[in-house]
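Okay, so here's the structure we're looking at.
If you're wondering where the values come from, they're calculated on a predicted model, not measured in any experiment. Chain A is the first sequence line, chain B the second, and so forth, proteins listed ahead of strands; every chain is numbered from 1. Hydrogens, waters and symmetry mates play no part in the numbers below; they use all other heavy atoms, side chains included.
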Amino acid sequence: MTLNSSRYILRETVNSMKRNPWLSIASVITVMVSLVILGFSIFFLANASNMAESFESELEIATFVQDNATSSQVDALRNQILEMPGVASVTLVTKEEALQDFGKTLGGTQSNLLADLGGRNPFPDKLTVKATDPQNVVALAEVVAALPEVDKVRYGQGFVDQLLKFTQWLRWIGFGVVAAFSVAAIVLISINVKMNVFSRRREIQIMKLVGASNGFIRWPFLIEGLALGLVGGAMAAGIVGMGYNSIAMYVLSKLTFLPVVQNAVLFRQVTFGLLLSGMAMGALGSAISLQKFLRA
Amino acid sequence: MIQLTNVSKIYPNGARALVDVNLKIGKGDFVFLVGPSGAGKSTLIRLLYREESPTRGQVQINSKNLVRMKEREVPYLRRNIGVIFQDFKLLPNKTVFENVAFALEVIGVVKREVRSRTRATLELVGLASKETSYPHELSGGEQQRVCVARAIINNPALLVADEPTGNLDPDTAWDIMDLLYNINKRGTTIVMATHAKSIVNKMQKRVIAIENGKVARDEEKGGYGYDT
């Protein structure tokens, strides 16, 4: 490609974008919308899996001891669990402590609480078991539950399962929405390019007649599609970047306990990915409308 | 230079435009294609610059086989063939100069060379003074000169013309024929489909008559041969 040809191609690209400004704008906006959704979906999913991970790592097994167990039996049970492989720590909360804690949450009259409950402490002794690896929680919980002195165990598996299920759903919905918008964007770009091909059909006919190569004829249209996609991608990257940043700031200041992903590498990857996706949409759109007309 | 061997062209709708045509045209020849409308003249012309390919048979130009030619080689064939049309096919939003220069620009000729060669070619067709005019400001004859200029600017070995005088009055038509005559004198082979009886009769060139897709007559220094 000579410098001379490049200049011609660039000029034609700009001209054809000027020819259908509204269609160009519509194409750019559709690309942008689809990529904004894609970008936010990625960040949302990153956060959801991050959240699931951090909850998983805090997973504990609450082990409730049989009501008739003596305190020496409870101590023996505690030591037995502590010696199991994969156990990080075991903390005992006696039924008396549990009652006291409950009293504290009610406030005030805890001295009468036992009497108010009919002289019978409804709380069992509880052993809080922490696993060394969150992956082992389920297996460990089953082993502990099978011990004769153990009444029942409870752990956060249900919540984590639901969170993961939710992110799975979200992934599919996000994928569907992004796919629908991408198709719309590609179709719009291809209409855009096709209209420019149509409005320049005489020129193209003469170009082919005097021996312009197909590549030379195609380039301006291909670049036009690429440019439309790139502009849409850049706008999406800007919106997603700034939008996510301000959301993250807000969440960090208001909901301090939530783990928010602020990963510079992920940030750069998403920006780069959005630009690339935009260009890919543009190239695809152009290619669709160009493959037909240059064959004859 | 041009050789057609057993060429048939049948269109998808079943129309048999050319039937088993054999033809040889030498380098530097000036050939008229005559015959009734729809006899296959235009199809034959289009085969020469590979706007179309034959259904059967071979088309060769300068010993290059146009039927076996790959799609990406076609542009390079066309750079060596000039084409002139009845309706000129000029770009209305470009000036005379730009229309002619366009043929060089799109094959990547450098700017300075584009300018000098365009000037020289416009001089040759007698339009040097009109280079900043737009096509709609020109007469039919002048527009056809622009079309000729665009066709010959690459110094093609072959110039094909499909009724180049069809839209012109007799005097103007003769101006164009003078131009083509001079181009042919410089060694360019010319194949021209026409209905212009007086031109064919007066020029005394080779005449090939096509009827019902077949070569009905082929004579050196021939006449038009039809009463119209």
**Prompt:** What parts of residues 141-154 of chain B touch chain A if we use heavy atoms and a cut-off under 4.5 Å?
**Reply:** B:R150, B:N154
**Asked** What is the ring orientation for A:Y244 with A:F43, classed by angle as parallel under 30°, tilted 30 to 60°, or perpendicular over 60°?
**Response** parallel
**Asked** Considering only heavy atoms, which portion of B:P156 lies under 4.5 Å from any heavy atom of chain A: side chain, backbone, both, or neither?
**Response** neither
**Request:** Determine, stepwise, if the pair B:L4 / B:L44 fulfils side-chain contact (heavy atoms from CB on, under 4.5 Å).
**Result:** CA-CA 10 Å; B:L4 276 68; B:L44 206 159; 4.1 Å; yes
**Request:** Over 60° means perpendicular and under 30° means parallel, so classify the ring planes of B:F30 and B:F32, tilted if in between.
**Result:** tilted
**Request:** Please say whether the positively charged group of A:R201, taken as NZ for Lys or CZ for Arg, lies over the ring of A:F198, i.e. under 6.0 angstrom from the six-membered ring centre and within 45 degrees of the axis.
**Result:** yes
**Carboxylate-amine/guanidinium proximity below 4.0 Å for B:K130 and B:E137** = no
**Test side-chain contact (heavy atoms from CB on, under 4.5 Å) applied to B:Q60 and B:L66, step by step** = CA-CA 6 Å; B:Q60 278 180 304; B:L66 269 57; over 6 Å; no
